[in-house]
Amino acid sequence: MHEIKNFCTFAADMVCFDHKFRQSKHIKHITINTNQLTRMKKSFFFLTMAVALLLSSCNEPVQPDQIQVNPSPLQVKAGRVTAEMKGTFPEKKFVRRGVLVVTPVLKYNGKEMVGDPVTYVGEKVKENGKVVDYAKGGTYSQSINFPYEEDMAVCELYLRFEARKRNKTYDVPDLKIADGIVTTAMLADASNVPGQVTGDKFQRTIQEMQEADIMFLISQSTLRSSETGSQAVKDLCNAIKDANNNEKKAINNLEVAGYASPDGGMELNTRLAEERQAKAQKFLQDNMKKNKVKSDIQANMTSEDWEGFQAAMENSNIQDKDLVLRVLSMYEDPEEREAQIKNLSNVYRTIADDVLPALRRSRLILTTDIIGRSDEEITDAVKNDPAALNVEELLYAATLTNNQAEKMDIYKQVTTQFPDDYRGWNNLGLSYMKEGNVAEARRCYTKALEIAPDNADVNYNAAIAAMADNDVDKAQQYLGKAAGTKGDLNTAMGTYYTQTGDYQKAKTAYAESASNNAAVQQILNEDYAAARKTLAAVAEPDATTAYLQAIVGARTNDREAVYSNLRTAIERNAKMKTRAQKDIEFSKFAEDETFQSIIK
């Protein structure tokens, strides 16, 4: 009896009541603040130790008190579960020699996550802790900050106690203070942000240009066999024949231009340019007739080739060439230009010998269309001889199939044949993202960034993969280099801010984006009208779209919206049934028969 009396005496001191107080059955309470002011009728935490003792020794009934958690229920924000708890120790109740250690514990799926303990001590205790004055009482405050894990949706938050007086420790049961976690923020999935392909530069038809000059003597327009038989002229004539006969080529344009150098009178130069053009054209027509080539020939002439003269001077090593170029810029009139240059007698002799002869010419210009492989030929080559394709053809080949496995194989081939082309690595990373293989996607993006570290599209994709991997620090680095991407940077930035818990910046970043992730932000900001509008405008609604619509229905007490959208979500993705079974967003419907029929 003496030991029981001591237990009861300590318990009464520690939990702030004596024999008379027990007779009155009045109990002071501790409040734990909450934004939602959710009241949970539970046993009050630091009285639990005394309750355990008294029930065993004194057999006194105890009424539960009101406890609040901020927030309650718990919520995931920025990938973590945080909450604040506050309360009061009543006046003249905390035992002077007592010690109370309070430790928050999150229990889930057979596991425990333990927070940092807080120690409260009576005023006569000589050890570290927050001192609670016996006469005035004191305040209780504590917080939790746990990393979120996927199986935490069904959980319970407890307070665990260690109660001591002098050298004696008393067993106190854990006290449950919160049930469940709102995990809606986790539906802002970076994997749903569309990636950006770095495209090919494939052109079915490309053009090649080939030129040849036929040179003339000063003041003459006579064709010389040494000129018409030059290798350049022969090559051009053969190219015309090949373009006419090769089914993968076609003559796009054929041009003959006659020129005269800018020395001499305008009338003479005009006649010379016209004659040089006409004779070169006649030569070309005869050659084409012999080779049975039919094509129109465009003809033009330049009386005084000042443009060619200026280019020749700029590329020459003639002394005082800058002085000649200054004359060209100062005078527009051809005769004045010629007179001023001739006045530079020493320079002009060099010009006459080294520059002007090359301007007395006819130019033959062939533009040929090179016709590339057809889609069928490229597809066949990918399957049978991918090494025969160039990088542009391979990248283009990936656009010819909607089969993701085939696309991945093509991009792997690009990285094998052309490992220094960042586009293959970037696009292969996109394929891995669509498979859900974030680790491989990040590896590919890293390779692409080694080759093109400042490419906006690759940085954009790398940021999405980093967010999907909950690596928000790296995501921030990549987003800093993603300006100018062709991807949906607003949605990416909004998702980043949602993941980091800055919902106001997320709202600004999303702007008018009609996406699931934008709707998550609106739900978290309790803007349900905007969320409905956004979800209704999603271009390709999926299971998440319908699930979010069901959450909006639950939060606005729209029972039919909950039912219809949950059915749709589960039809689109059966995994949504498992999520709904555990989701505290639907706690109000837990006992509803229709709801149960949907999620079972």
Side-chain angles (χ1 to χ4, degrees), residues 201-315 328 334 337-338 354-374:
K201 298 178 182 177
F202 174 74
Q203 292 180 288
R204 181 83 61 205
T205 301
I206 61 174
Q207 291 186 342
E208 288 184 353
M209 183 176 287
Q210 191 169 341
E211 298 180 354
D213 286 341
I214 297 176
M215 309 306 296
F216 295 88
L217 297 175
I218 186 171
S219 300
Q220 293 185 21
S221 59
T222 301
L223 286 176
R224 294 175 291 165
S225 59
S226 59
E227 292 299 315
T228 56
S230 71
Q231 190 62 49
V233 172
K234 288 180 179 179
D235 289 344
L236 185 136
C237 291
N238 287 333
I240 294 173
K241 180 180 178 181
D242 181 53
N244 183 72
N245 297 334
N246 191 328
E247 64 179 9
K248 290 292 185 180
K249 295 182 180 181
I251 297 173
N252 178 279
N253 188 58
L254 191 56
E255 180 180 353
V256 177
Y259 298 88
S261 61
D263 57 323
M266 177 63 75
E267 184 177 347
L268 172 63
N269 287 338
T270 299
R271 178 177 60 79
L272 286 171
E274 289 175 344
E275 290 178 355
R276 289 167 179 171
Q277 176 268 312
K279 291 184 178 181
Q281 183 173 346
K282 178 66 167 57
F283 161 78
L284 193 59
Q285 286 172 331
D286 291 344
N287 183 273
M288 292 168 62
K289 184 177 181 180
K290 184 177 77 170
N291 292 319
K292 299 179 180 180
V293 176
K294 292 183 179 181
S295 178
D296 294 334
I297 299 176
Q298 291 187 358
N300 60 71
M301 67 89 178
T302 301
S303 297
E304 295 188 347
D305 189 10
W306 285 107
E307 184 177 333
F309 176 77
Q310 181 172 339
M313 288 300 302
E314 289 172 346
N315 294 322
L328 294 179
R337 278 181 170 181
E338 183 180 356
D354 298 343
V355 176
L356 296 178
L359 304 180
R360 301 163 186 144
R361 70 201 189 282
S362 287
R363 174 160 289 178
L364 312 181
I365 306 169
L366 168 66
T367 302
T368 303
D369 288 340
I370 309 298
I371 303 169
R373 291 180 173 89
S374 67

Checking side-chain hydrogen bond (donor to acceptor under 3.5 Å, both in side chains) for the pair Asp242/Asn238: CA distance, chi angles, key distance, verdict? CA-CA 6 Å; Asp242 181 53; Asn238 287 333; over 6 Å; no
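- Between Asn244 and Lys292, the closest side-chain pair of non-hydrogen atoms is not below 4.5 Å.
- Put simply, the side chain of Glu307 reaches to within 4.5 Å of the side chain of Asp305, judged on heavy atoms.
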Donor-acceptor contacts, no H, no angles, side chain residues 279-286, under 3.5 Å, sequence neighbours left out:
unit_1: Lys279; atom_1: NZ; unit_2: Ser221; atom_2: O; d: 3.3
unit_1: Gln281; atom_1: OE1; unit_2: Gln277; atom_2: NE2; d: 2.5
unit_1: Lys282; atom_1: NZ; unit_2: Asp286; atom_2: OD1; d: 3.3
unit_1: Lys282; atom_1: NZ; unit_2: Asp286; atom_2: OD2; d: 2.9

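- Between atom CD of residue Glu267 and atom CG of residue Leu272 there is a gap of 11.0 Å, rounded to the nearest 0.5 Å.
- Taken from CZ in Arg337 to CD in Glu304, the straight-line distance is 10.0 Å, to the nearest 0.5 Å.
- Taken from CZ in Arg360 to CZ in Phe216, the straight-line distance is 12.5 Å, to the nearest 0.5 Å.
- Atoms CD and CG, from Gln310 and Leu328 in turn, are 5.5 Å apart once rounded to the nearest 0.5 Å.
- Closest approach of Leu236 and Ala212 over heavy atoms only: CD1-N, 3.9 Å.
- In this structure, the side chain of Glu255 does not engage the main chain of Gln298 through any donor-acceptor pair within 3.5 Å.
- Of all heavy-atom pairs spanning Ser303 and Ala273, the tightest one is CA-CB, 4.1 Å.
- In Lys248, the NZ atom is crowded: over 12 heavy atoms of neighbouring residues, nucleotides or ligands sit closer than 6.0 Å.
- Here the CD atom belonging to Glu338 is positioned 6.0 Å from the CG atom belonging to Asp263, to the nearest 0.5 angstrom.
- A pairwise comparison of heavy atoms in Met288 and Ile240 identifies CG-CG2, 4.2 Å as the closest pair.
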Quick one: side chains of residues 362-370, donor-acceptor pairs under 3.5 Å with protein atoms, not counting sequence neighbours, listed by atom name and distance.
unit_1: Ser362; atom_1: OG; unit_2: Arg276; atom_2: O; d: 2.7
unit_1: Arg363; atom_1: NE; unit_2: Asp213; atom_2: OD1; d: 2.9
unit_1: Arg363; atom_1: NH2; unit_2: Asp213; atom_2: OD2; d: 3.0
unit_1: Asp369; atom_1: OD1; unit_2: Gln207; atom_2: NE2; d: 3.2
unit_1: Asp369; atom_1: OD1; unit_2: Asn252; atom_2: ND2; d: 3.3
unit_1: Asp369; atom_1: OD2; unit_2: Asn252; atom_2: ND2; d: 3.2

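- For Phe202, the ring pair (Phe, Tyr, Trp, His ring centres under 6.0 Å) test picks out Tyr396, with sequence neighbours left out.
- Within the 4.5 Å cutoff, the side chain of Asn253 has no heavy atoms near those of the Ser295 side chain.
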Full working for side-chain hydrogen bond (donor to acceptor under 3.5 Å, both in side chains) between Asp235 and Gln210: CA-CA 9 Å; Asp235 289 344; Gln210 191 169 341; 5.3 Å; no
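- Note: Leu359 CG to Trp306 CH2 = 10.0 Å, rounded to the nearest 0.5 Å.
- Side-chain contact between Gln220 and Glu275 is absent, with no heavy atoms from C-beta onward closer than 4.5 Å.
- Ser261 and Asn269 get closest at one heavy-atom pair: O-ND2, 3.3 Å.
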